[in-house]
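Letters go in sequence order (proteins before strands), and every chain restarts at 1. Worth saying up front: this structure is predicted, and the values here are computed from it rather than measured.
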Amino acid sequence: MPHPQFRKFPIHLLLIVCGIGMVLPFFWMVTTSLKTPLEALRFPPTWLPSAAQFENFVEVFRQIPLWRYMGNTVLITFASLMGVLLTGVLAAYAFARFKFPGREITFMLFLALMMIPMPVYLVPSYMILFKLGWIDTYLAMIVPWTVNIFGIFLLRQHFRQLPEDLFEAAKLDGCSRFAALFRIVLPLSKPTLVTITVFNVIGSWNSFFWPLIVTHSDRIRPLQVGLAYFSREQSTNYTLLMAATTIAIIPLIVLFFVAQKHIIQSQARAGLKE
Amino acid sequence: MRQATIDRLKAQDILASMASATMKRRLKETLAGYLYLLPALAVLAAFRIIPIILSVRISLYDWGMAGAREFVGLGNYIAVLQDSVFWKSLLNTGWYMAFSVPVQLYLSLFIAVLLNQKIKGLGAYRTIYYLPVVTSIVAVSIVWKWILHPDRGLLNYILSWVGADGLRWLQDPRGLFQLLVGDRQNLLPYALRGPSIAMCSLIIMGIWKGLGYNIVIFLTGLQNIPKTYYEAARIDGAGRYRIFRNITWPLISPTTYYVLLMSFIVAFETFAQVWIMTGPPAGGPLSTTKVVMYYFYENSFELWRLGYGASIAFFAFLIILGLTVLQRFVLEKRIHYG
């Protein structure tokens, strides 16, 4: 009988081959970003640049306002996350711990809204944003995304599971319900809050369709939209394109490596809660 | 007797004041509840609920950039149904789903099962498979467009190792089935030609990008199956295939259902890939990658035919709803909730 890890050799081989396929596009992106335009177009291609051209990265910053784009994205991501957490915690608290007529119906309405695909509300939302004078401002990318219904759903599930005694004790100690939310409920809800944060950050960092439509000027564009336009304008300048793309994905990749366990667990957990 | 009456009156009084206190408490509770809901409700009302209602109205008008021009009733809906490009976009989305959803499902389940064999380096594998999931669709589209370059692309280079001729991936409008049966003269009817090679390129990339997400979901599902089941089956002498068929597959079915639903929705919402990778004009070659979402975008925000776009949006909604209901209906009986 061979050693069990030896028997697993074919499995490893398969997983490694597939793994190479997963990583290869990233490798190709970085390697192209470090080539000269001439070398990038060589065929058959070279796997590694003959001399790494770090100037490409300097040149990208000269051609497009990447810092500006990134700053915009950070601002939008952060502001909408704050909104999502605030509206989410309050709404979930009402759904989970208050009794009032219309509660269940309102909750069902929220869930139903989650089913509606974006095209249905995109055009009128655009008109409303236009009437408000918000088109081509940060507000247009932040305010409509300060509610995350799935987040409310997750928080409500969690709040409902908290033991009743906790709230009774708080009441006896003269703690108001509002204070109880911040002193008792939230400290016990960290994992759920992290899950929502993870989803929201990845979601807003990578969002494309909405900002594409509500922005017109370059200075307001988030990273993804700026990058997409750059790819249309410089569609054959592969070295610069790959350099820009590399820069654009580094922040999330770093975040992923730092918070990997949280991210993967969160996504898996959310999947199961459905 | 008198005392009893007084007592009763007192009791009624107390009860009444208690009732009014309850009423007051209820009212307070109701007000408080809605106050907590208010921020979320306000945002949802302004950017979801009111827009959805407005959308119905817009769809009933010939609505241009400057506003409503003319009431047309169901005219837009009828026009959409008679629009051959709409049907083509629906077919394109259909091909995308028909290929990407099952391939992704089986491939990710297969890899998840492999990863679940108490394998060394599980964390490393999971990280690697998950990388494309956290990367933006815009970024991966740009990179894949370069990889799929017809003359200089990495993929054609790799194909050349095995002596295969490269394809003009994103520029090739020929259908997959058309190519397989060797139909050079476009004899096959359009609907039978299969997804174009350009569409296949988007499908391949979509599978690559979404695989890791499904693997992680499946892996969690697999880990939740009690080990004792497997031990019992092994004692009974069941082989690997039978264990999978009779234990894993039925017990993982709620996860499979979730993955299936999510993949259908993600596939239906394909947009950025088309905007970035195809064309010019995007949706090409020969509109073979023009998916429903892109057709909606083109009508609404490039041609500014907002009424028409709104009608397309409602058909899209109906289709998503239909798919969800159909899946529930068809699969519900097969799902085994532990």
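For the set A:Tyr93, A:Phe26, A:Trp205, the count of heavy-atom pairs under 4.5 angstrom toward chain B peaks at A:Phe26. Most heavy-atom pairs under 4.5 Å with chain B, from the set A:Val23, A:Leu241, A:Ile116, A:Leu252: that is A:Ile116. When each of B:Leu37, B:Leu54, B:Ile128 is scored by its heavy-atom pairs under 4.5 Å with chain A, the top score falls to B:Leu37. If you tally non-hydrogen atom pairs under 4.5 Å between each of B:Glu269, B:Arg57, B:Met293 and chain A, the highest count goes to B:Met293. Each of B:Ile50, B:Val216, B:Ile158 has some count of heavy-atom pairs under 4.5 Å with chain A, and the biggest count is that of B:Val216. Chain A forms more heavy-atom pairs under 4.5 Å with one residue of B:Asp151, B:Ile276, B:Ile111, B:Ile320 than with any other, namely B:Asp151. Residue with the most contacts toward chain B among A:Ala228, A:Ser231, A:Ser235, A:Ala92: A:Ala228 (heavy-atom pairs, distance under 4.5 Å). Contacts with chain B were tallied for A:Phe257, A:Phe95, A:Phe256; A:Phe256 has the most, counting heavy-atom pairs under 4.5 Å. Chosen from A:Lys99, A:Met115, A:Met29, A:Met118, the residue pairing most often with chain B at heavy-atom distances under 4.5 Å is A:Lys99. Most heavy-atom pairs under 4.5 Å with chain A: of the set B:Leu219, B:Ile58, B:Leu155, this distinction falls to B:Ile58. When the candidates B:Ser160, B:Pro280, B:Pro132, B:Ser300 are compared by the number of heavy-atom contacts under 4.5 Å with chain A, B:Pro132 comes out ahead. Among A:Thr146, A:Ile202, A:Ile213, the residue with the largest count of heavy-atom pairs under 4.5 Å with chain B is A:Ile213.
Dense packing is recorded around CZ of A:Phe182, with more than 12 heavy atoms of other residues, nucleotides or ligands lying under 6.0 Å away. For B:Leu318, the CG atom sits in a packed shell: over 12 heavy atoms of surrounding residues, nucleotides or ligands are nearer than 6.0 Å. Summarising the local packing, CZ of A:Arg232 is surrounded by more than 12 heavy atoms from other residues, nucleotides or ligands at distances under 6.0 Å.
If you measure heavy-atom distances from A:Gln260 to chain B, the contacts under 4.5 Å come from the side chain alone. Only the side chain of A:Thr106 has a heavy atom closer than 4.5 Å to any heavy atom of chain B. For A:Phe230, no part lies near chain B; criterion is any non-hydrogen pair under 4.5 Å. If you measure heavy-atom distances from A:Ile249 to chain B, the contacts under 4.5 Å come from the side chain alone.
Between A:Val123 and B:Trp304 the shortest side-chain heavy-atom distance does not fall below 4.5 Å. Contact check for B:Phe301 versus A:Leu212: no side-chain heavy atoms found under the 4.5 Å cut-off. Side chains of A:Leu14 and B:Phe110 form a contact here, defined as non-hydrogen atoms less than 4.5 Å apart. Counting heavy atoms from C-beta on, the side chains of B:Arg48 and A:Val147 never come closer than 4.5 Å. Looking at heavy atoms from C-beta onward, A:Ile16 lies in side-chain contact with B:Tyr125 at the 4.5 angstrom threshold.
Between B:Tyr36 and A:Leu90, the closest heavy-atom pair is O-CB, 3.4 Å. Shortest non-hydrogen contact noted between A:Met127 and B:Trp63 is CE-NE1, 3.3 Å. When every heavy atom of A:Cys18 is checked against every heavy atom of B:Tyr129, the shortest pair comes out as CB-OH, 3.1 Å. Heavy-atom minimum distance, B:Gly33 versus A:Ala94: O-CB, 3.5 Å. A pairwise comparison of heavy atoms in B:Phe317 and A:Pro117 identifies CD1-CD, 3.2 Å as the closest pair.
At least one donor-acceptor pair closer than 3.5 Å links the side chain of A:Lys8 to the backbone N or O of B:Lys118.
Classification of the B:Tyr297-A:Phe209 ring pair by plane angle, with boundaries at 30° and 60°, yields perpendicular. Ring geometry, B:Trp275 versus A:Tyr229: the interplanar angle exceeds 60°, so the pair is classed perpendicular (tilted spans 30 to 60°). In this pair, B:His149 and A:Tyr238 present their aromatic rings perpendicular. The plane angle is above 60°, beyond the 30 to 60° band. Using cut-offs of 30° and 60° on the angle between ring planes, the pair B:Tyr157 and A:Phe43 is perpendicular. Ring orientation note: the planes of A:Phe208 and B:Phe271 are tilted relative to one another, at an angle of 30° to 60°.
Note that the CG atom of B:Leu154 and the OG1 atom of A:Thr32 stand 8.0 Å from one another [nearest 0.5 Å]. Residue B:Phe47 holds its CZ atom at 14.0 Å from CG of A:Leu113, rounded to the nearest 0.5 Å. To the nearest 0.5 angstrom, A:Leu15 atom CG is 9.5 Å from B:Gln117 atom CD.
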Please evaluate residues B:Leu41 and A:Phe110 with respect to the criterion side chain to side chain contact (heavy atoms under 4.5 Å, CB included), reporting the C-alpha separation (whole Å), side-chain torsions for both, the decisive distance (0.1 Å), and the verdict.
CA-CA 9 Å; B:Leu41 263 178; A:Phe110 276 36; 3.7 Å; yes

Trace of the salt bridge (charged side-chain N to carboxylate O under 4.0 Å, His left out) decision for B:Glu29 with A:Arg177
CA-CA 11 Å; B:Glu29 175 113 355; A:Arg177 285 176 112 170; 2.9 Å; yes

Is there a side chain to side chain contact (heavy atoms under 4.5 Å, CB included) between B:Ile49 and A:Leu109? Walk through the geometry before answering.
CA-CA 10 Å; B:Ile49 299 166; A:Leu109 173 78; 4.0 Å; yes

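Along residues 133-143 of chain B, the residues that come nearer than 4.5 angstrom to chain A, judged on non-hydrogen atoms, are B:Val134, B:Thr135, B:Ser136, B:Val138, B:Ala139, B:Ile142, B:Val143 in order of number.
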